[in-house]
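In what follows, a structure is listed as structure tokens, so that the remarks can point back to it.
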Amino acid sequence: MRFNFSAIGQILGFLLLMNGFFMGTCIPVAYYLHNETDLIALFYSSSISAFLGGFTWLIAKKKQTDKEMHTRDGYIIVTFGWLIMSASGSLPYLFSGAIPAFTDAFFETISGYSTTGASVLNNIESLPKDILLWRSMTQWLGGMGIIVLAVAILPLLGIGGMQLFVAEAPGISPDKLQPRIAETAKRLWLIYIGLTGLETILLMIGGMSLYDAINHSFTTMSSGGFSTKQDSAVNFSPFIQYVIIFFMILAGSNFTLTYFALKGRFKKVLEDEELRYYLASILIFTLAIGGTIYFIKDLGAEKSFRDALFQVVSIITTTGYVSADYTAWNHFALTCIFILMFFGASAGSTAGGIKVVRHIILLKNSFLEFRRQIHPRAIIPVRLNRKAVSQDIVFNVIAFVMIYIMIFAVSSIILSFVGVDLITSMGAVATCLGNVGPGLGKVGPMDNFAGIPAVGKWLLSILMLMGRLELFTVLMLFSPYYWTKN
């Protein structure tokens, strides 16, 4: 067993430096608003993060003897990087007094970085605009992954970043855009930034202020769902809601396909099986739910369709925006929403959840078992995009889904044990593990997580981290095999 602690220290220090830098970008907003309390809070938060990051980086740099980073190092960096960033990102809330309790501040911050969107805030619009901007920025950074951003700059540190990229974004790595992983990360971020800018412009055309447009673009493209409004997207105009729907769908698509589309390689996009299943799922659930609420609510055809489409896209992409109180719909619609919390969008997107490609592989493998029973000697592989999927990947998918369901069940029981009712427990665990945002019961679309006990908030924080890093990255650190020598 061998760890490159100097490389780990350098990267964790660099991440803290980056966190301090992005906190600092909110300082001009506080200055413009003449908010001295927040200006000082952001300055202290930025300075502390930058100082600790720079100090850690320098110490690790001096002790560096090996530039090679191993796979085990990647798992430590990604997991602890997320925890350190969340702890550091809590400082503006604490110093400004916006969220005075550390448990609540950490919960809000890790919800941001994991792009979950679960919130403990009872009156979002009462918070200063500079703090809300930082809140939205945590989601934007977490969306593509601040680890991936660091990978693009790792060559400056003289350290290769492939292990980091695999641990952070396993859905992207099989189909790299460029031979060098740093170039891949840069191109992904350019697409991400470009789409964020485009959405900002369209939202402003729809009548949204520049400030609100930037915030909602940050949290749409990250599949995060933090809004500057307490009622989320309920009172937005139809044009703005359709713009958000379009960009939520883009954010939930594999970013490599967006790259291919921009390069004019539309055939490769259209042939992608996961994309077809993803869009078909949106259409089917939208028609089912839209038809249901059309007959039970006096909303009209367009409004029923828009509410259904918005909520289906928001949940399946794990964005978590709300355009209507779906708990007020009938049991069929609510059941569909709950099922969608276990879908997730495409691999290689900013969305959380199980991901559509895993569902495809699981379903295909299950149906192929009938053929294998009839022809036990035949080798019948699962195929995705007309290519055979290795048995190792199939086993990995089965294990992932099994562990996911087990964690959901056990966590729901634990949360109910600490005093949360069963419906709320199941909704809270499903939405945090899937990085969705709103849940069921007392954490539904019109409520928040403020009433969850402190122990429950820490459990849900861990689930948000596990969901964002796709379980194995975090669980690997608890495996005895990870720590044994080989």
Side-chain angles (χ1 to χ4, degrees), residues 1-27 40-95 102 105-106 108-110 112-114 134 137-138 140-142 144-169 181-182 185 189 461-462 465 468-469 473-474 476-478 482-483:
M1 179 177 64
R2 182 165 169 254
F3 293 101
N4 189 339
F5 290 107
S6 61
I8 293 171
Q10 282 187 75
I11 297 170
L12 292 181
F14 185 73
L15 289 176
L16 276 174
L17 270 171
M18 286 173 54
N19 218 25
F21 168 78
F22 283 109
M23 283 180 200
T25 62
C26 298
I27 293 177
I40 294 173
L42 287 165
F43 176 76
Y44 282 161
S45 302
S46 175
S47 300
I48 291 171
S49 298
F51 173 77
L52 290 176
F55 181 77
T56 303
W57 185 84
L58 285 173
I59 295 297
K61 181 70 174 177
K62 287 182 179 180
K63 296 185 178 181
Q64 181 178 355
T65 57
D66 183 8
K67 292 186 177 183
E68 183 181 358
M69 190 169 64
H70 309 283
T71 303
R72 294 183 182 189
D73 301 327
Y75 287 110
I76 288 180
I77 290 169
V78 171
T79 302
F80 283 93
W82 228 261
L83 290 172
I84 290 171
M85 296 292 286
S86 297
S88 166
S90 304
L91 296 179
Y93 298 129
L94 295 170
F95 289 163
F102 177 70
F106 185 85
E108 196 78 15
T109 309
I110 201 167
Y113 279 119
S114 65
W134 170 243
M137 193 176 290
T138 59
W140 191 73
L141 294 172
M144 183 60 69
I146 198 163
I147 308 296
V148 178
L149 178 62
V151 168
I153 310 175
L154 282 178
L156 299 177
L157 305 179
I159 301 170
M162 185 62 191
Q163 290 84 0
L164 258 185
F165 195 78
V166 170
E168 159 58 17
I181 201 68
W189 267 97
S461 296
I462 295 170
L465 178 66
R468 179 63 180 89
L469 301 182
T473 304
V474 178
M476 186 71 70
L477 300 181
F478 296 93
Y482 177 82
W483 301 100

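Quick caveat: nothing in here was measured; it's all calculated off a predicted structure. Side chains are part of it too, since the values below use all heavy atoms of this structure and drop only hydrogens, waters and symmetry mates.
Looking at Trp82 and Thr473, their side chains never come closer than 4.5 Å, going by heavy atoms from C-beta outward. Residues Leu141 and Tyr113 have side chains in contact (heavy-atom distance under 4.5 Å, counting atoms from C-beta outward). Annotation: side chain of Leu15 is not in contact with side chain of Ile84 (no heavy-atom distance under 4.5 Å). Two residues are said to be in side-chain contact when any heavy atoms from C-beta on lie closer than 4.5 Å; Tyr75 and Leu477 meet this criterion.
Expressed to the nearest 0.5 Å, how far CG of Leu94 lies from OH of Tyr44 amounts to 15.0 Å. Here the CG atom belonging to Leu16 is positioned 6.5 Å from the CG atom belonging to Leu52, to the nearest 0.5 angstrom. The distance from the CD atom of Gln10 to the CD1 atom of Ile59 is 11.5 Å, given to the nearest 0.5 Å. Atom OG1 in Thr79 sits 8.5 Å away from atom CZ in Phe478 (nearest 0.5 Å). One distance of note links CZ of Phe80 with CE of Met85; it measures 15.5 Å at 0.5 Å rounding. Taking CG from Leu83 and OG1 from Thr109, the interatomic distance works out to 12.0 Å, rounded to the nearest 0.5 Å.
Closest heavy-atom contact between Gly13 and Thr56: CA-CB, 4.0 Å. Gly89 approaches Met23 most closely through the heavy-atom pair CA-CE, 3.7 Å. Contact detail for Gly9 and Ala60: the closest heavy-atom pair is C-CB, 3.7 Å.
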Legend entry - Test side chain to side chain contact (heavy atoms under 4.5 Å, CB included) applied to Ile27 and Phe43, step by step: CA-CA 7 Å; Ile27 293 177; Phe43 176 76; 4.2 Å; yes
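Checked by atom type and distance alone, the side chain of Ser49 never pairs as donor or acceptor with a backbone atom of Ser46 at under 3.5 Å.
Using cut-offs of 30° and 60° on the angle between ring planes, the pair Phe106 and Phe102 is tilted.
Between the side chains of Ser88 and Asn19, at least one donor N or O sits under 3.5 Å from an acceptor N or O.
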